[in-house]
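Worksheet for the structure shown next.
A, B, ... follow the sequence lines: proteins, then strands. Residue 1 opens every chain. Everything quoted here is computed from the prediction, not taken from an experiment.
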Amino acid sequence: MHTSGRVDRHASLVTRLALSLVVVLVAGCAASATPSPAPTSAASAAASAAASAGPTADTTPRGGTMTIINGSDIKSWDPAITSGTFPGGPMDALDAIYGFLVYVDVKGVVTGGMAKSLSSPDAITWTLKLRDNMKFTDGSAYDATAVKFNWDRTADVATAAPTQTWVASWNKGITVVDATTLTIKLASANSNFAAQVAELAPFIASPAALKAAVQKTDIKPVGAGAWTLSTWDQGVGMTMARNPGYWDQPRPYLDTLKFAIIAETNSRIATVVQGGATMMAGYPYQFGTNATASGVGTIEIPIRGINRGYFNQAKGIFSDAKARLAFYQAIDRTKLMQAFTQTDLYKAPVSYFGTTSAYYDAASKLPDYDQAKAQSTIDALAAAGKPFNVKIVTYTNSDLKRLTAYIQQVLSTYKGATATILEVDQANLPDQCRTKLDFDICFEGGVLVSNGAEPNISNLLRSTGVTNWGQYNSPAMDAALTEASATIDPAAIKAAYAKVQQLIVTDLPLYVFGEQTRSLLVRNTTGGVVNSNGGILQKQYLYVCPSACAK
Amino acid sequence: MSGSGIQVDRRGPQVSQPTTPARGPEAVAKGRSLLPEADAPTWFAFGFLALLILGAVLADWIPGLAKPNLEVGAFSGPPALTVNQLFGTDALGRSIVSRVLYGARTSLSIALFASAISMSAGIFLGMLAGFYRGVVERLVDLYANTLASLPPVLVILALIAAAGTSVFTITLAMGLLGIGTYARITKGAVISQAGRDYVLAARALGASDVRLLAREILPNLVPTLTAIVPPLMAGLIVTEGSLSFLGYGIPPPAPSWGGMIAGSTDLLNRFPLLIFGPILAIVLTVYSLNTVGDYMARRIDIREGQL
């Protein structure tokens, strides 16, 4: 009696402990990424998106409700606070209210959204054409003056917009031509300007609502997008109703759009599988067998991105290019991806651009796995007084933990090589890596869209790039990127990016270890999935299928 | 008996042994048994612990067993009939059997050394409290009750936050937190022994306090302590596993049972067997230690009953 009682207590303690901690720790896998459109001068109509949405407007089912699960919520309704256009991110809510002025479609073409077009004959002077008679939901006009007001506000340091510097570099060149036309004269040619607007300054709010707000948190969500806000429980979720004054009638097709905020990936997956929500964004390896659960389907977002680590080139072992080469050679990146994803779905990428990219250059390939050469280089570095001791920094995410643990495990098999791992909170990773430069190699989660070029490639590789965490500084790279942006000739752009790729495989500023596309895990009655930019949904096209329509 | 002027039988309660019934053949057989009156679960518990300890100590010499941080197979591979893949391979292709055995070194070492810290300080304080009572007892009670009121995992996390994660920090923290438990148990045992004839006799013969405590009472605490140490060690193993599970235990890549479970939780829906090895190790070890403790307690009850 006494024995079994005590045993039961302890056994049950173990069980309860394991179960409770499982619940607490089944997290991870949070994906963060930044997006990227493709470079092209722009002009297009929503018709192309409508066509890709599947059914025509006349036959598309209308009404119903969908719930999208996102990993995090917005802090305010400030349209200037943008944070990446990956699916499942906080920008979803801003887009629903304000709508993209222009967006980059999955083929890399800048497409009209709230605006008809944003185009330029010379990449210097750009013309924004708005639609006629558009109104914000407060009744004020959505016109060129309102657009200028929003961009001027973004350029104001007091707004504290992440894109302030960029917008401030051109907002002085804005001219309001008439109610629906606005020109922007840039200081120098930039063929990627429209794509950058789609990514960095796409949202326009009612000037009256912005002026009325004393603080950011006071800003009321008054836009002209497809939806109007009904309720918002910050950090929990929000409900939106269709905007009857939306310009692209009969869209949106849904009556109600809801967002639920669930930070933990497995919980998001479980919620969709159990029917508590319509969709979530993630990766196939995260879905596992849930992807084939009853009533569930997956939809691939055909926008390729890279998994990457940043080499610290300002100090430490990787300030020597030979060490970066040894790192590439030391680890089989295909196996690394297997350890990372626990599937064999992925091969090691051969280039920054995927083989399907318009910019892919087969002549420039990333280094292959070669243990003997790696050991030889590690030995040579040690002989030169540079021991191959690598400090790996990442954030607390179960996939990234496996990734870094595998790197540590593999490096420990080389004579004279060691690796230590530092895990920080996700929010602290930029400070640890970008600000303090306290790392040798720093891994971020999620994929960075890279089949197109800008603005991501400049952000990563320019000496002044905002995501150039490793402080890569190459005048040749800066010149090649400038060359690519200074022309609208496709052949010249491709030639310039060929130089960029050559420099990437020579200098190895990044550790490109994987390439993936995101997917949506959806209820199988989800129709009208149209992705844009970094994968964010154009939600006005969503509709509920009368029967299963997603595989 | 001894050459000194004081002649006291220091066996305490065992002095009454001559009063036990005469041994028949069955009793003789039991007396010869390695574990008298042990039932099957007790034999299993002792056997499992013996095997675990042997496996942990001799892991380096087990033929064919890979090192715990060596990739030996597929990622999250299923069990197979080989030494290294008996429980399968973990998410990084390492042998789970190997990591369980090497992890046992860590878990058992921490439990052992933390128990040593708790016991040595706890017994010392408990003996003083039980022997002198009064202010000393109140102070020790205050100390023990204070420690008991603190949630152990949170206190250890705070200490780790202050001193950093290491085996030494975890062992020391768990050892310090266990002092109160040993002190209270020891105090109670000392109080029950202090009025017994053999103590009074020794005192009457002029034995000093130190001698009374160290030579007369302490040896008679051993059975009681022997019974409580195993279950308390089981608690330490669970605590260490919890810390590792939470990511504050043994720093990877060193193997630890809790760390192995933590590293598998996000993959459970895809590879449920990943968690089997370390869970089995923890459950069987905790079960075995508790069973051994209960067996010891039963033996004490029998001996006390024979008084």
Assess whether atom [atom1] of [X] is packed by more than 12 heavy atoms of other residues, nucleotides or ligands within 6.0 Å.
X	atom1	value
A/Lys373	NZ	no
B/Phe46	CZ	yes
B/Tyr248	OH	no

Taking all heavy atoms of [X] and all of [Y], pick out the closest pair and write down the distance.
X	Y	value
A/Tyr285	B/Arg270	O-NH1, 2.7 Å
A/Gln408	B/Pro253	OE1-CD, 3.5 Å
B/Ala91	A/Gln342	O-NE2, 2.8 Å

Tell me, for A/Thr341 versus chain B, whether the close heavy atoms (under 4.5 Å) come from the side chain, the backbone, both or neither.
->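 Looking at A/Thr341, just its backbone touches chain B.
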
Chain B heavy atoms under 4.5 Å from A/Asp344: which part of the residue, side chain, backbone, both or neither?
->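 Neither part, no heavy atoms under 4.5 Å.
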
Side-chain donor or acceptor of A/Gln409 paired with backbone N/O of B/Leu92 under 3.5 Å =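 Indeed, once roles are kept as given, a pair shorter than 3.5 Å links the two residues.
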
Let me know if B/Leu267 has heavy atoms under 4.5 Å from chain A in its side chain, its backbone, both or neither.
->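 B/Leu267 touches chain A through side-chain heavy atoms alone.
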
In Å, rounded to the nearest 0.5 Å, how long is the span from OG1 of A/Thr265 to CG of B/Asp266?
->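 The distance works out to 9.5 Å.
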
In terms of heavy-atom pairs under 4.5 Å, which option from A/Lys401, A/Arg402, A/Glu423, A/Gln338 contacts chain B the most?
->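 Most heavy-atom pairs within the cutoff with chain B belong to A/Arg402.
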
